[in-house]
Protein chains: 4
Amino acid sequence: MTGMDLETKPKTRAGRPRSAESRRAILQAALLILQTTGYRTLTIEGVAAKAGVSKQTIYRWWPSAGYIVLEALTSDPQQQPMPDTGSLYDDLLELIRPMVRALAQRRGPVMKALIAEAQADARFAETLRTTFMQQHRDILINIVGRAQMRGEIGFDADPEITADLVYGPMLYRLLNGHGELDDLFARNLTASAMRLLKGTPAVTRLRAEAAE
Amino acid sequence: MTGMDLETKPKTRAGRPRSAESRRAILQAALLILQTTGYRTLTIEGVAAKAGVSKQTIYRWWPSAGYIVLEALTSDPQQQPMPDTGSLYDDLLELIRPMVRALAQRRGPVMKALIAEAQADARFAETLRTTFMQQHRDILINIVGRAQMRGEIGFDADPEITADLVYGPMLYRLLNGHGELDDLFARNLTASAMRLLKGTPAVTRLRAEAAE
Amino acid sequence: MTGMDLETKPKTRAGRPRSAESRRAILQAALLILQTTGYRTLTIEGVAAKAGVSKQTIYRWWPSAGYIVLEALTSDPQQQPMPDTGSLYDDLLELIRPMVRALAQRRGPVMKALIAEAQADARFAETLRTTFMQQHRDILINIVGRAQMRGEIGFDADPEITADLVYGPMLYRLLNGHGELDDLFARNLTASAMRLLKGTPAVTRLRAEAAE
Amino acid sequence: MTGMDLETKPKTRAGRPRSAESRRAILQAALLILQTTGYRTLTIEGVAAKAGVSKQTIYRWWPSAGYIVLEALTSDPQQQPMPDTGSLYDDLLELIRPMVRALAQRRGPVMKALIAEAQADARFAETLRTTFMQQHRDILINIVGRAQMRGEIGFDADPEITADLVYGPMLYRLLNGHGELDDLFARNLTASAMRLLKGTPAVTRLRAEAAE
DNA sequence: CATTAACCGAGACGGTACGTCCCGTCTTAAG
DNA sequence: CTTAAGACGGGACGTACCGTCTCGGTTAATG
């Protein structure tokens, strides 16, 4: 404090600090409800009761149930690993296959619910998109980038379009339920992605075409 | 499906017949609410009030709000046309481009809402999948089939996978909002579909691989 | 019903009729709570729960808890009797003494609560005043009127002022608690009322004085 | 009250002393809320916010909102004066008339609220009774006492009963609202009190009667 | 051509959850 | 040791809709 007390510090506000214990209890209660009776039965009142917490405490920190679930999921320690085998195909398969498997099992219902929630709440949609969804896109984009560095594929391949073509069908099957989310599907997705990444001239041509 | 789907004569029972006027008023009220304040605010009570109809009348004919909306949309006269230009690429583009445009405009919000609704209601999900969604898949599958007939592409191309790769990314962008639903995106989708359909050996190989 | 169907009838509206059973259960539950744990613990939620009724049903028919209690009390069969002994003093004493006794016992807390409620709710205040309170004033006014008819007291006595001087001190002791609500007090009240009613010229003189 | 109310030196303990500034701000905020939006909307949180004070500070010094209001009112400089005209009638009228006028105007709502509050809080009721209420009773009792000293009325008149008969109807009209709180009413009260004080034998006789 | 069964509007019902308000208590940092 | 700030568990509020249940009244095919 030698003069110059510019408030660059995070402004250690007065007042009782947020209870880490309550936060933990809330997230855990939400996860428990999610796993036992599903998202449909997850209510703020239910979470509050199970966590031994007042509703107000929940509303103070989360705008709606979706945010709680999202935070519970993303603060979950088991993160999606970043595959790095040295081979584009293997990297993709190691990314896509476990993801498809997870969606076919316990992650499916939660994912459905979160996406459904996002359709009616623009703010939550943005949060979901920029955190959870983007994390997964980033992994794939990183894989493609490394393959370009290695010279395995050309620099004209568009990682964004590739991400659409991998995650799009995955979500489509999850949400519409017209086909299985199995290993065959995972391999097909991988193969399709490979094919589109290997022969890339078409994409660049399209961009030029659009610029007309 | 060899004709005779009259399920043993529905036995036109006595009593007052269903009011066509009420049905019309209900569907119209639902559409009006959808267009003005959105699906979130669409409640059975609201529709009943706006249509000047009792709640019971609605519950007698529709299981939930989603079904009303679905019927309101599918009874809408403007149907998706079946493109038939003689060229696979042009057929695909004429299918995909208007669809993307529609989703980018007024169809988007309703589509989001229907899909969201389906995630919490398995029965509605099936209805949505087997009617609305399947209609669109069928058009694409038909286009691919005709191209195979013409010899433009081989018979080993998998129309189902193609449908996934076209509609998946479209829904993904609609629901996640990470990218534009514009003409460039439509052309990219079309180009990707073409590439995957033209060089097809990989897919068949994968099927064999899975059979091991 | 010989022609002439003028709608003097209470307009038998459509829709499910009000449930007499629910009404009864609500009033009974309110009384029970009142007698066991007191007005302070009487909440709409509590009444609804104890009556096996939804909150909405209560709110549909009563604006607040006070109205329920008021109705429960006034629909109670045990009414205040109208004394008629032929003597003004005895009539007054038979009116005042049991009333004071009741206030000193179980009626006291409820009365306090209703009056307290009325101070914060003008609409309820009017209801309380024009029903419960006025009923009691009317009995006293009637007693005084009959004494005037008998010639026991003059016609210049003001029954309204008398009512103030009888009920005022009673409520004052109830609400302020500075003195006992016992038989001595009842007799003092009665004697005071008698004295004021017997020698009445002063009151008329005051009225003339005010008219100046 | 013979001076020396220093209760054995309060042992001026260490630590930050009570903030007179906060006390003033709290009382003022309470008064402001009372005058603008009424007692119903007066909450501890509201007072704290308006006074720029923490809730804890309020709770440290006042048990509930009622006490704050009571202190705010009694610390108000304008005290009820003690009339001393040498005439019992004039003393009474000069006491009663301004009091009735005050209740008819700005004092009414606050008084209602304080009495209402007292009905649900025995501790506050006692405080209200032994301070504010008793002060007013004492003035009247003092007036009557002086008249007895002067020989204007006999010593068998009961000042306590008289206080009941004056303040009772006043409160009754205030709380029940069945009649005006105007000058005519004030004069009637005064006249009634005079009549009861002048001819007193009845009261003593009653006491004897009760002792049987 | 009367019966009668199914329909219709209105609207009350038991219920669940919502999001808000305020309570009285507590836990910080600052003075 | 007090203060401002503000988070905490808790309780009740009044509202919105849910899906069901009576009512009084239509409306057409059937007997």
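Quick note on labels: first sequence line is chain A, next is B, and so on, each numbered from 1. Note that the coordinates shown come from a computational prediction; the quantities given were computed from them, not determined experimentally.
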**Report entry** Pairwise side-chain contact, L42(A) with I68(A), heavy-atom cut-off 4.5 Å (strictly under)
**Finding:** no
Query raised in the report: Do Q119(C) and I115(D) touch side chain to side chain, with heavy atoms closer than 4.5 Å?
Result: no
**Report entry** Geometric cation-pi criterion, R18(B) with W61(B): 6.0 Å, 45°
**Finding:** yes
Requested in this report: Check the distance between dC13(F)'s P and E117(C)'s CD and give it to me in whole angstrom.
Outcome: 11 Å
Query raised in the report: dA5(E) phosphate, OP1 or OP2: any side-chain N/O from R16(B) under 4.0 angstrom?
Result: no
Query - Distance (rounded to the nearest 0.5 Å) between F132(D) CZ and L70(D) CG - result: 7.5 Å
Query raised in the report: Are T57(C) and dG14(E) close enough that a side-chain N or O sits under 4.0 Å from OP1 or OP2?
Result: yes
Requested in this report: Mind calculating the distance between CD1 (I68(A)) and P (dA17(E)) to the nearest angstrom?
Outcome: 14 Å
Report task. Can you tell me the distance, in whole Å, between the OH atom of Y67(B) and the P atom of dG19(F)? Result -> 12 Å
Requested in this report: Using a 4.5 Å cut-off on heavy atoms from C-beta on, say whether the side chain of V69(C) contacts that of L73(C).
Outcome: yes
Query raised in the report: Rounded to the nearest Å, what distance is computed from the OH atom of residue Y59(B) to the C1' atom of nucleotide dC8(E)?
Result: 17 Å
Query raised in the report: For the side chain of K55(B) and the base of dG11(E), is some donor closer than 3.5 Å to an acceptor across the two?
Result: no
Query raised in the report: Considering heavy-atom distances to DNA chain E, does P63(D) or G15(A) have its closest nucleotide positioned more toward the 5' end?
Result: P63(D)
Query - Any S54(B) side-chain nitrogen or oxygen under 4.0 Å from OP1 or OP2 of dG9(E) - result: yes
Query raised in the report: If you measure from OG1 on T74(A) to CG on L128(A), what distance do you get to the nearest 0.5 Å?
Result: 10.0 Å
Report summary line: When rounded to whole Å, the CZ to P distance for the pair R24(B) and dC8(E) reads 14 Å
Query raised in the report: For dA6(E), does OP1 or OP2 lie under 4.0 Å from any side-chain N or O of W61(B)?
Result: no
Report summary line: Separation of dG9(F) atom P from R23(A) atom CZ, nearest Å, is 14 Å
Query raised in the report: When you check the phosphate oxygens OP1 and OP2 of dA6(E), does a side-chain N or O of R18(B) lie under 4.0 Å from one of them?
Result: no
Report task. Could you tell me whether R40(B) atom CZ has more than 12 heavy atoms of other residues or ligands within 6.0 Å of it? Result -> no
Report summary line: When rounded to whole Å, the CD to C1' distance for the pair E21(C) and dA12(E) reads 15 Å
Report task. Give a yes/no answer on whether the side chain of W62(A) brings an N or O atom under 4.0 Å of OP1 or OP2 in dG19(E). Result -> no
**Report entry** Residues from residues 36-53 of chain B lying under 4.0 Å of DNA chain F - heavy atoms
**Finding:** T43(B), I44(B), E45(B)
Report summary line: One would report the end-axis bend of the helix from dC1(E)-dG31(F) to dG31(E)-dC1(F), five pairs per end and rounded to 10 degrees, as 10°
Requested in this report: Please state whether the phosphate of dC7(E), meaning OP1 or OP2, lies under 4.0 angstrom from any side-chain nitrogen or oxygen of S22(B).
Outcome: no
Query raised in the report: Between Y39(C) and L34(C), is any pair of side-chain heavy atoms under 4.5 Å apart?
Result: yes
Report summary line: Judged by nearest nucleotide, the residue sitting upstream toward the 5' end of DNA chain F, A65(B) or Q56(B), is A65(B)
Query raised in the report: Do R23(D) and W62(D) have side-chain heavy atoms sitting under 4.5 Å apart?
Result: yes
Query raised in the report: Does a side-chain heavy-atom distance below 4.5 Å link E126(D) with R123(D)?
Result: no
